[in-house]
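Quick notes on the structure that follows.
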Amino acid sequence: MFLTQLQCAACGKQHDWQRLQNLCIACGKPLFAIVDLNAAGKEISREKMAKRRRSLWRYRELLPLPKDAEPISLGEGGTPLLRSKKFGAESDVDLWIKDESVNPTQSFKARGMSVAVSMAKYLGAIKLAAPSAGNAGGALAAYAARAGLEAHIFMPRDTPRANIIECREVGAHVTLIDGLITDCGAEIAKRKEKEGWFDLSTLKEPYRIEGKKTLGYEIAEQLAWKLPDVILYPTGGGTGLIGMWKAFDEMETLGWIDDKRPRMISVQATGCAPIVRAFEVGEKFADEFPDAHTVASGLRVPKAIGDFLMLDILRKSNGGAITVDDEEMIRAVREVGSKEGLFVAPEGAACFVALKKARASGQIGDGERVVIFNTGSGIKYLECFRSE
Ligand SMILES: Cc1ncc(COP(=O)(O)O)c(C=O)c1O
Ligand SMILES: [Zn+2]
């Protein structure tokens, strides 16, 4: 195990990884896990890894869990990177789709929860709590059950039914709140000390991001260690975007990729676009987005603690930020479904609309290699579709 310490992403203060940690004790910002890449690079190589099972745990030396601890796993990661059949040709780009809907609990949230629940259990947590827009709750519930830990999940009352039912059926304690994910988070913050809950909110503990960084390792591996020109990513709390960027830096240090980075484009819903708005006006932090609403529940995050990290990545990568409205997303679900054979989540569909917009504006050029993340499955969002 090559984890050496936890370091604040804002002020750099170091924290001990050997006990449960949430935010930086000095400034209240997120902590990142720092891996000794020099040492890890002596044990793991691209060739060695290629022989391992398709799972995010094939990057074991780069993940935080100590060697002697058994991961809490349901078969997460190792998802296909599919060459787009029609959509790419019609858009005149070299389009690839990272299909995260085949993960346990049908979304990329499984990656973060596998690693975070493994670490929380290892470090002695017994009761886990998280606010969720939907898919994170389902993943936490499943991994907590697998680990024999309690899960306490707070969701907005209007979260898609499938997510709520799934959490309950895999044994979680579910509380529905009349409000948004931020209100759910506030409720946990208020009660966690008394209840003995360990808070697994997005970026409020350091290891969900470690699971998400494997998205970055996987696409590099699947594209023969050459990153694409552009990544389109549906952004809520930002763990995917931030995790991938961390992976890119780590892989460069390991000597696995060069210094070329994709242009990272954040895709948000018109009804909840705090990052797009802050990006456009040049702000370092994003104000809370008022009256947040969208059917893409994973994008209904009006205020994210990692806002400054996302904005920094979009700017550093020379990327961008695009909004898509709900009607466009829902229409795109059927278009992608019939063209590619994938029943994508509205969040994933939003990226296909964003691709068209970026092509029309010239932000993405002819023939560029583009990776779209379909972060979840349409099957969780049946309320959004007509059945006749
Ligand atoms: C399907 C889906 N896509 C995207 C997101 C956004 O996630 P993040 O920005 O934290 O990576 C979520 C979050 O709930 C989600 O459920
Ligand atoms: Zn700090």
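Both counts, for ligands and for their atoms, begin at 1 and track the order of listing. Computed from a prediction, not measured in an experiment: that's the story for all the values here. Scope of the values below: all heavy atoms of this structure, side chains included, with no hydrogens, waters or symmetry mates.
Geometrically, ligand 1 and Tyr381 share no nitrogen or oxygen pair separated by less than 3.5 Å. The shortest N or O to N or O distance between Lys212 and ligand 1 is not under 3.5 Å. Looking at Ala133 next to ligand 1, no N or O pair under 3.5 Å apart turns up. Remark: ligand 1 and Ala136 share no N or O pair separated by less than 3.5 Å (distance only, no angle test).
A ring-centre distance under 6.0 Å is not found for Tyr207 and Tyr122. Ring centroids of Phe87 and Phe352 are separated by less than 6.0 Å, placing the two rings close together. The six-membered or imidazole ring of Trp197 lies near that of Phe154, with a centre-to-centre distance under 6.0 Å.
Comment: Lys284 does not engage Asp307 in a salt bridge, judged by the lack of any side-chain N to carboxylate O separation of less than 4.0 angstrom. One finds a salt bridge joining Glu187 and Lys190 here, because a Lys/Arg side-chain nitrogen approaches an Asp/Glu carboxylate oxygen to under 4.0 Å. Remark: Glu250 engages Lys213 in a salt bridge, criterion side-chain N to carboxylate O under 4.0 Å. A salt bridge between Arg359 and Asp366 is present, with a side-chain N of the basic residue lying under 4.0 Å from a carboxylate O of the acidic one.
Tyr381 and Glu347 share a donor-acceptor pair across their side chains, judged by distance under 3.5 Å alone.
Each of Arg54, Lys212, Arg58, Arg111 was evaluated against Glu218; a single residue qualifies, Arg111, per the salt bridge (charged side-chain N to carboxylate O under 4.0 Å, His left out) test.
Nearest to atom 9 (O) of ligand 1 by heavy atom, out of Gly238, Ser107, Ser132, Pro160, is Gly238. Of all the listed residues (Thr375, Thr202, Val344), Thr375 holds the heavy atom that lies closest to atom 2 (C) of ligand 1.
Every atom of ligand 1 is numbered from 1 in the order shown, and the set under 4.0 Å from a heavy atom of Pro234 is 4 (C), 6 (C). Those atoms of ligand 1 with a heavy atom of Thr235 less than 4.0 angstrom away are 9 (O).
Given atom 6 (C) of ligand 1, the protein heavy atom at minimum distance is Gly236 N, 3.4 Å. Remark: minimum distance from atom 14 (O) of ligand 1 to any protein heavy atom is reached at Lys109 CE, 3.1 Å. Looking at atom 16 (O) of ligand 1, its nearest protein heavy atom turns out to be Asn135 ND2, 2.9 Å. Protein heavy atom closest to atom 11 (O) of ligand 1, with residue, atom name and distance, is Gly240 N, 3.0 Å. Looking from atom 7 (O) of ligand 1 to the surrounding protein, the closest heavy atom is Phe108 CZ, 3.3 Å.
Heavy-atom separations between Tyr233 and ligand 1 include at least one value shorter than 4.0 Å.
Relative orientation of the Trp256 and Tyr217 rings is perpendicular, given thresholds of 30° and 60° on the angle between their planes.
Geometry at the Zn ion (ligand 2): SG/Cys27 and SG/Cys24 form an angle of 110°, nearest 10 degrees.
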